[in-house]
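First the structure, in the form of structure tokens, and then the observations on it.
The basis for the numbers below is simple: all heavy atoms, side chains too, and nothing from hydrogens, waters or symmetry mates. For reference, positions follow the sequence shown, starting with 1.
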Amino acid sequence: MSAGELSSFSKMSVFGPVVKIHPVVLASICDSYERRNEGASRVIGTLLGTIDKHSIEVTNCFSVPHNESEDEVAVDMEFAKNMYELHKRVSPTEVIIGWYATGFDITEHSVLIHEYYSREASNPIHLTVDSALQSGKMNIRAYVSAQMGVPGKTVGVMFTPLSVKYVYYDTERIGVDLLQRTRVTPSRTKGLTSDLSQVAGSAARVQDMLTTVLAYIEDVLSGKVTADNSVGRFLMDLVNKVPTISAEDFENMLNSNINDLLMVTYLSNLTQAQIALNEKLVLL
């Protein structure tokens, strides 16, 4: 299961598995925080994903109702179990890997909630998302718990931070890019681009990258830049991956794909028009 990876890491890095978080998880957590009950200071939920020897990949989550005060905390465990059973029918490969909470600090109630998730998963992670932006940005941190204390005496719990990495699938990248474009618009809204516009944008980016590569090669040949063997190996691997095909065959294949794309676009617009017309007729 391949996914693109962003180069940013959490500064709180220690030895242990790397926690890889997908954008849909952060969006779901922020949405549950915005929809929280009146008077609630934070929201919590279950984290779902996969685990291997070196990393924990968080691919999904759902919020869990809870109430907490200074003296006690109550979590709807039955709701959490039912939601997980329903989720397994859709994504059987995703398992419970921990839980999340909005906020910056780990409280005494967090220890009690973590004990419950310790019965649902082996060595679960605890993810904190600073949705209130206390430090001016959304700090995201991941922890695992470890027991500490003197044998035979009262044993406490210590939360150890883990490295956090942000990853995405190609489909998630489309949504992330769209959100990035809304930052530069005064209304904070941006419509979806058409399929042909996305193809044109991708072709333009590829052309820019090819221009950069050609400029580097010309500088090396002219002696302006010292040749880097590692860059040469990467370029050779890239050239070897390009299939051998004539210009005429490539043009025919491209035109065929474009025709298929246009046909799908036409059918989708036709379907949308028929649905809108049917709604009008029903209202009449």
Side-chain angles (χ1 to χ4, degrees), residues 10 12 19 21-49 58-91 94-121 124-145 157 159 161-162 164 166 168 172 175-176 178-183 185-192:
S10 170
M12 300 180 64
V19 179
I21 306 176
H22 285 256
V24 67
V25 176
L26 301 180
S28 179
I29 294 174
C30 293
D31 180 71
S32 62
Y33 178 77
E34 290 296 323
R35 298 173 183 270
R36 69 189 185 279
N37 296 330
E38 184 178 358
S41 59
R42 67 172 183 169
V43 295
I44 67 171
T46 301
L47 296 175
L48 304 171
V58 188
T59 55
N60 214 328
C61 67
F62 59 83
S63 61
V64 177
H66 86 294
N67 293 311
E68 58 181 321
S69 60
E70 294 182 359
D71 300 327
E72 61 180 3
V73 57
V75 181
D76 193 344
M77 303 301 185
E78 190 66 25
F79 176 88
K81 292 180 179 179
N82 292 336
M83 282 293 295
Y84 178 57
E85 292 297 326
L86 293 173
H87 190 87
K88 284 198 300 184
R89 299 180 183 180
V90 180
S91 302
E94 294 179 342
V95 298
I96 297 177
I97 57 176
W99 68 288
Y100 71 82
T102 57
F104 189 78
D105 299 324
I106 297 178
T107 65
E108 294 181 358
H109 294 164
S110 298
V111 178
L112 298 176
I113 300 173
H114 198 80
E115 289 181 359
Y116 162 73
Y117 280 95
S118 296
R119 298 192 295 268
E120 299 295 325
I125 65 171
H126 175 38
L127 189 72
T128 60
V129 179
D130 184 14
S131 53
L133 308 180
Q134 297 181 14
S135 60
K137 63 179 181 179
M138 185 180 293
N139 284 317
I140 301 169
R141 298 178 178 178
Y143 304 88
V144 290
S145 65
V157 176
F159 284 87
L162 299 175
V164 175
Y166 308 105
Y168 55 86
E172 293 176 325
V176 173
L178 181 61
L179 291 175
Q180 289 289 340
R181 289 197 295 269
T182 61
R183 298 174 57 188
T185 57
S187 62
R188 295 294 184 179
T189 58
K190 190 73 174 180
L192 293 173

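- For the atom pair CD of Glu94 and CG of Asn60, the computed distance is 5.0 Å after rounding to the nearest 0.5 Å.
- Listed here is the closest heavy atom pair of Asp76 and Val64: O-CG1, 3.6 Å.
- In plain terms, the two heavy atoms of Phe62 and Ala80 that are nearest each other are CZ-O, 3.7 Å.
- Between the side chains of Thr46 and Tyr117, at least one donor-acceptor pair of N or O atoms lies under 3.5 Å.
- Between the side chain of Ser32 and the main chain of Ile29, a donor-acceptor pair closer than 3.5 Å is present.
- A donor-acceptor pair is defined here as one N or O able to donate and one able to accept, closer than 3.5 Å; no such pair exists between the side chain of Arg89 and the backbone of Leu86.
- For Leu47 against Leu127, the heavy-atom pair with the smallest separation is CD1-CB, 3.8 Å.
- In this structure Glu68 satisfies the salt bridge (Lys or Arg N to Asp or Glu O under 4.0 Å) test together with Arg42, sequence neighbours excluded.
- Here the shortest heavy-atom pairing between Thr102 and Ser131 reads CB-OG, 3.5 Å.
- For the atom pair OG (Ser91) and CG (Leu48), the distance works out to 8.5 Å, reported to the nearest 0.5 Å.
- Val75 has its side chain out of reach of Tyr116: every pair of non-hydrogen atoms, C-beta onward, lies at least 4.5 Å apart.
- Summarising the geometry, atom OH belonging to Tyr84 is positioned 8.5 Å from atom CD belonging to Glu120; distances are rounded to the nearest 0.5 Å.
- A heavy-atom distance below 4.5 Å is not found between the side chains of Tyr100 and His126.
- When the salt bridge (Lys or Arg N to Asp or Glu O under 4.0 Å) test is applied to Lys88, the partners found at least two apart in sequence or on another chain are Glu85.
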- Item | Trace of the side chain to side chain contact (heavy atoms under 4.5 Å, CB included) decision for Phe79 with Ser63 | CA-CA 10 Å; Phe79 176 88; Ser63 61; 5.6 Å; no
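- Arg35 pairs by the salt bridge (Lys or Arg N to Asp or Glu O under 4.0 Å) definition with Asp31, not counting sequence neighbours.
- Aromatic pair His114/Tyr143: ring centres not closer than 6.0 Å.
- Tested against Phe159, the residues Ile125, Val111, Val144 include a single side-chain contact (heavy atoms from CB on, under 4.5 Å) partner, Val111.
- Met138 places a side-chain heavy atom less than 4.5 Å from the side chain of Val129.
- Atoms SG and NE2, from Cys61 and His87 in turn, are 9.5 Å apart once rounded to the nearest 0.5 Å.
- Tyr33 OH to Ile44 CD1: the interatomic distance, rounded to the nearest 0.5 Å, is 15.0 Å.
- A distance of 4.0 Å separates CD1 of Ile140 from CG of Leu26, quoted to the nearest 0.5 Å.
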